[in-house]
Amino acid sequence: MRYLPACLSHRFPSSPSPRRLLGLVVATALATTSASAMAATEIEWWHAMGGSLGNKVNEIADDFNQSQSDYIIKPVFKGNYTETMTSAIAAFRAGKGPDIVQIFEVGTATMMGAKGAIVPVHQLMADYAPEQGAAFDPDAYLSAVTGYYTDRDGQMLSLPFNSSTPVTYVNKDVLAKAGVDSVPTTWQEMGDALKKVVDSGAAECGLTTTWPSWVMLENYSARNDIPFASKANGFAGVDARLEFNQTAVVDQIQRLDDWQADNRFVFGGRYDDAAPKFYSGECAMMMGSSASYAGVKESAKDFEFGVAPLPYDADVIDMPQNSIIGGASLWVLSGHDDAEYRGVAKFFQYLSSPEVQADWHQFTGYLPITTAAAELTRKQGFYAEHPGTDVAITQMTSATPTENSKGLRLGNMVQIRDVINEELEQIFSGDKSAQQGLDEAVERGNSLLEKFARRQG
């Protein structure tokens, strides 16, 4: 009897059988586990990460849940970015919103405009992080990443989660065959290098790009420190208006259109449609998301590839600015109790830890959100073992963000990107000049901005 818990011994005057004893021990353990689970506060996290990324999200949640017993994070996949945001807004209006929701970067203005719907991260962490054993230090986060998600005073509104930035992927074999010794750092040098590629016959096409609006307009503007829109790209007010038809963006799009004549540039369509042109060796270079690294590595099997920063325009700027991010952040919805918010604060501390962030960064190719995570990744030898994976972080941190390179805070940005892509298709098909197409993109885009501003009214 000495091994039977004292709380049970008085109930059994005679020794139970070994099987019965085992059953009692198991039942007691299950009851204890059940009671502990019932005591834990559940926190619902809606996200848009499918496939292997969704599995990684589940792994992060499981690891957090096992690290403590007070809170249980429950990840829920809600479809793509648009579907996730739409579902969250509808659920909030019905009084059934999740605690945390992942929203893509172009939905930032919409989330800010949903008055009373969010709890800003800086407020959440100030109110609840100290109770969880640690103060919130906004300076620990990379300003070039968090800047997209801050208010006018630099206070964080949401927590960056999966952030990427465009880089240049290059086919090293093609460049060597064409006699191009190094990846160009300026658009002027790029033109000469691409001409060598095409003239030598090393590849049919010099350059293509994925996500053309994000890369060739939004990031071109940031990299060269020119405005994409007024009002500090929308950070200073919802009455911002698009301005890229009055800047060097017009010259850039005209340059790309001119390069189409000799295949130095080939337009490959929207989104990631152009990627196969690089994977197949048709194009020597491709501009695309840093988070595409794993996909490039898997798909570009017939040649050695490299990663380089986006070029800058030497006619516009002497030293390039940082590029801006894509991806998504985690927003906290209002309407929940203190226990849940304490759990969210504790989870955000866990998610921001160097170990978790370094692992997420190395697994996905997304940027780490803290300096410590980037330093840990370097110390672990990841960048040395995977050359090029540090290009994005270097590009993002090499310059202090300006009003033009902090990011975009524009309402209806999803629809504005669609408009820009439609006009780019007209330009690159020869139906409109660069100036005409961009003028119309601005006119149509400003109508969308005006509609958004009226709703904020």
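This structure is a prediction, so every number in the text was calculated from the model and none was measured.
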Polar contact flag, side-chain donor to acceptor under 3.5 angstrom, Ser429-Asp431: yes

Side-chain H-bond candidate by donor/acceptor type, Glu59 with Asn55, under 3.5 Å: no

Donor-acceptor pair, side chain of Thr208 and main chain of Val266, under 3.5 angstrom: yes

Note: Lys78-Glu83 ion pair, threshold 4.0 Å (strictly below): no

Residue pairs involving residues 73-111 (criterion disulfide (SG to SG under 2.5 Å); sequence neighbours excluded): none

Pairing of Asp239 and Lys231 as salt bridge, 4.0 angstrom limit: yes

Flag side-chain contact, heavy atom, 4.5 Å: Phe303 against Val174: no

Parallel, tilted or perpendicular, as decided by the 30° and 60° cut-offs, for the rings of Trp214 and Trp211: perpendicular

Side chain proximity check, Arg241 to Glu450, heavy atoms < 4.5 angstrom: yes

Residues Arg255, Asp313: salt bridge by 4.0 Å N-O rule: yes

Qualifying disulfide (SG to SG under 2.5 Å) pairs, either residue in residues 196-274, two or more places apart: Cys205-Cys283

Validation row: Met190, Met285 side chains within 4.5 angstrom (heavy atoms): yes

Gln252 versus Asn224, side-chain donor and acceptor atoms under 3.5 Å: no

Distance flag, aromatic centroids of Tyr141 and Phe136, threshold under 6.0 Å: yes

Neighbour count above 12 (heavy atom, 6.0 Å) for Gln380 CD: yes

Between Thr84 and Gln102: side-chain donor-acceptor atoms closer than 3.5 Å: no

Side chains of Gln436 and Asp439, donor plus acceptor under 3.5 Å: no

Residues Asn421 and Glu425: side-chain donor-acceptor under 3.5 angstrom: no

Side chain to side chain, Asp192 and Glu189, heavy atoms closer than 4.5 Å: no

N-O pairing of Glu218 and Arg417 below 4.0 Å: yes

Presence of salt bridge, Glu375 and Arg378, under 4.0 angstrom: no

Flag side-chain contact, heavy atom, 4.5 Å: Phe244 against Tyr220: no

